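Values below: all heavy atoms of this structure, side chains included; hydrogens, waters and symmetry mates excluded. A quick note: this is a predicted structure, and the numbers were derived from the prediction, not measured.
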Protein chains: 2
Amino acid sequence: MSKCEQCIIRQFNSLKSLTKDELVRISGCKTSRLIKKGEIIFEEGDTLNGVFCVKDGVCKLSKLSSNGKDQIVKLVVKGDLLGQRSLIGEESANLSAIALNDMEVCFIPKHEIMHDLQKNPKFTLDMLQQMAHDLKDSDNVIVDMAQKSVKNRVADVLIYVNEHFGVDEKGFLSINLSREDYANIVGTATESAIRILSQFKKEGLITTKGKQIKIENLQKLKHIE
Amino acid sequence: MSKCEQCIIRQFNSLKSLTKDELVRISGCKTSRLIKKGEIIFEEGDTLNGVFCVKDGVCKLSKLSSNGKDQIVKLVVKGDLLGQRSLIGEESANLSAIALNDMEVCFIPKHEIMHDLQKNPKFTLDMLQQMAHDLKDSDNVIVDMAQKSVKNRVADVLIYVNEHFGVDEKGFLSINLSREDYANIVGTATESAIRILSQFKKEGLITTKGKQIKIENLQKLKHIE
DNA sequence: CTCAAAACATGACAAATATCATATTATAAA
DNA sequence: TTTATAATATGATATTTGTCATGTTTTGAG
């Protein structure tokens, strides 16, 4: 099994602030795991006894609303940690995590992480900085949800996905979200999301091939009124 | 000037995790300040060189949206800290803070806080737990914004304000938010917020006197469809 | 490859919300 | 106290978004 000390992924998250010794210790008790597209990593209410370090693939974090619809709150990418919040807050998971494509993750037991949080101020501060940043992002999402139109939010997601996950060799967004996923990110009905994507298609802002989407005019997409 | 070591307010925030010595040091360089209702404490984009510890009063944290409307993201209360996120994230303020009533705050210079964050793991971990909790709250707000109706969200704010700030001797909500503030919390047009409050009044859920609001039927308010 | 299930698409209509206009009432400064 | 200003209130109407129905296309299991 590969070793944390040599793993390049940790450069992208707070684990980079651990000492060599701490990494060796974590490496000794971590477990690696392959997760298939569509698989549930954990669900709302689950008790997490560790964190996941995402080595490859993407998953969605969602929450079931009182109206029965899922709201996707965040997309978690290669390099991100998963589950820190519940662990640190000593609470059960507030969100469900479901793989959007095949994933490879490492699982680090709770007690290892908590130990390091208590002993390594640099690690804790790094985690704190990461959370401060996430909190800022969250505030911005709240503002957008509250103030922007659905059309605008759909455009924003396309731009976001384009920037964060890029495109494949043919120019299609390299993550394939279903129309329902788009609706659940934006917070609208699936039909509404579909309608807006169709409209974008008519206006030449995007083209599609099956569920695949290619952005044709990023600038116009950025300036949806 | 009063001393941090003896201040009861710190029990409500992460400052409770500081040692006696650290508190004495902070006490020596903090400044106390009175802020009048309506006064701007800081604005989006400002560089904060410290955090505020709220000893009394309430303020709103808001962000100007691209459509020109203010979105209120959070109400900050007695006992809360203000400005930690920008400080920790090493960024300029992402939100504006405006007093909703007369406030009393203590200002603690940046370098003192950062010093303790680097030296006292207990303090950092406490702050981290607080942020994990805030992040969970934020996720829930996002879900509500995305999935609940405006009417539902207005009811939720009334319930929230009632629970967190209580009522005065006559039973009116003890914080007086303007109708525009309510609209800016909920993320709707001021007229829509007014209309919904009027409707609640007709249905006997609330009564009003000027801008003051009294909840008459909390149970029904909690079960708006 | 075939075919049933799921995902996508679109029309028709209903409901929710925003916008604009215009009163009315409350508030605070002179 | 007066009075200008801001806040609250409400009607009329437009726009946005959701819902239900139904058809088409895509996908993946066998």
> Looking at B:K60 and B:D181, does any basic side-chain N land under 4.0 Å from a carboxylate oxygen?
Replying inline: yes
> Rounded to whole angstroms, how far apart are CG on B:N184 and P on D:dT8?
Replying inline: 12 Å
>> Without decimals, in angstroms, what is the distance between B:N67 CG and C:dA18 C1'?
In response: 11 Å
>> With nearest nucleotide decided by heavy atoms, which residue, A:K151 or A:K209, maps closer to the 5′ end of DNA chain D?
In response: A:K151
>> For a quick check, tell me whether the side chain of A:R195 and the base of D:dT19 share a donor-acceptor pair closer than 3.5 Å.
In response: yes
> If you check every side-chain atom of B:K201, which of C:dC8, C:dT17, D:dA9 has the closest atom?
Replying inline: D:dA9
>> Check the phosphate of D:dT10 against B:S198, side-chain N and O only, distance under 4.0 Å to OP1 or OP2. Yes or no?
In response: yes
>> Measuring to OP1 and OP2 of C:dT17, would you say a side-chain N or O of B:T188 lies under 4.0 angstrom away?
In response: no
>> Judged by each residue's nearest nucleotide on DNA chain C, which is more toward the 5′ side, B:K37 or B:A189?
In response: B:A189
> Tell me: NZ of B:K148 to C1' of D:dT17, nearest whole Å?
Replying inline: 19 Å
> Once you round it to whole Å, what is the distance between C1' of D:dA6 and CG of B:D181?
Replying inline: 14 Å
>> Rounded to whole Å, how long is the line connecting atom CZ of A:F200 with atom P of C:dA9?
In response: 14 Å
> Looking at CZ of B:F42 and OG of B:S86, how far apart are the two atoms once the value is rounded to the nearest 0.5 Å?
Replying inline: 6.0 Å
> Given atom CG of B:N176 and atom P of C:dA26, what is their separation to the nearest angstrom?
Replying inline: 14 Å
> Which is true for B:T190 with a 4.0 Å heavy-atom rule: it touches a base, it touches only sugar-phosphate, or it touches nothing?
Replying inline: nothing
> Would you call the rings of A:Y160 and A:F165 parallel, tilted or perpendicular, where under 30° means parallel and over 60° means perpendicular?
Replying inline: perpendicular
>> I need the B:L221 CG to B:E216 CD distance, nearest 0.5 Å.
In response: 11.0 Å
> Is there a donor-acceptor contact under 3.5 Å from the side chain of B:Q71 to the main chain of A:Q147?
Replying inline: no
> With nearest nucleotides of DNA chain D determined for A:K211 and B:E191 from heavy-atom distances, which residue corresponds to the more 5′ nucleotide?
Replying inline: B:E191
>> Please report the distance, rounded to the nearest Å, between CD1 in A:I194 and P in D:dT22.
In response: 18 Å
> How do B:V150 and A:R179 order along DNA chain C: which one's closest nucleotide is nearer the 5' end?
Replying inline: A:R179
>> Output the rounded distance in Å from CD (A:Q199) to P (D:dT17).
In response: 10 Å
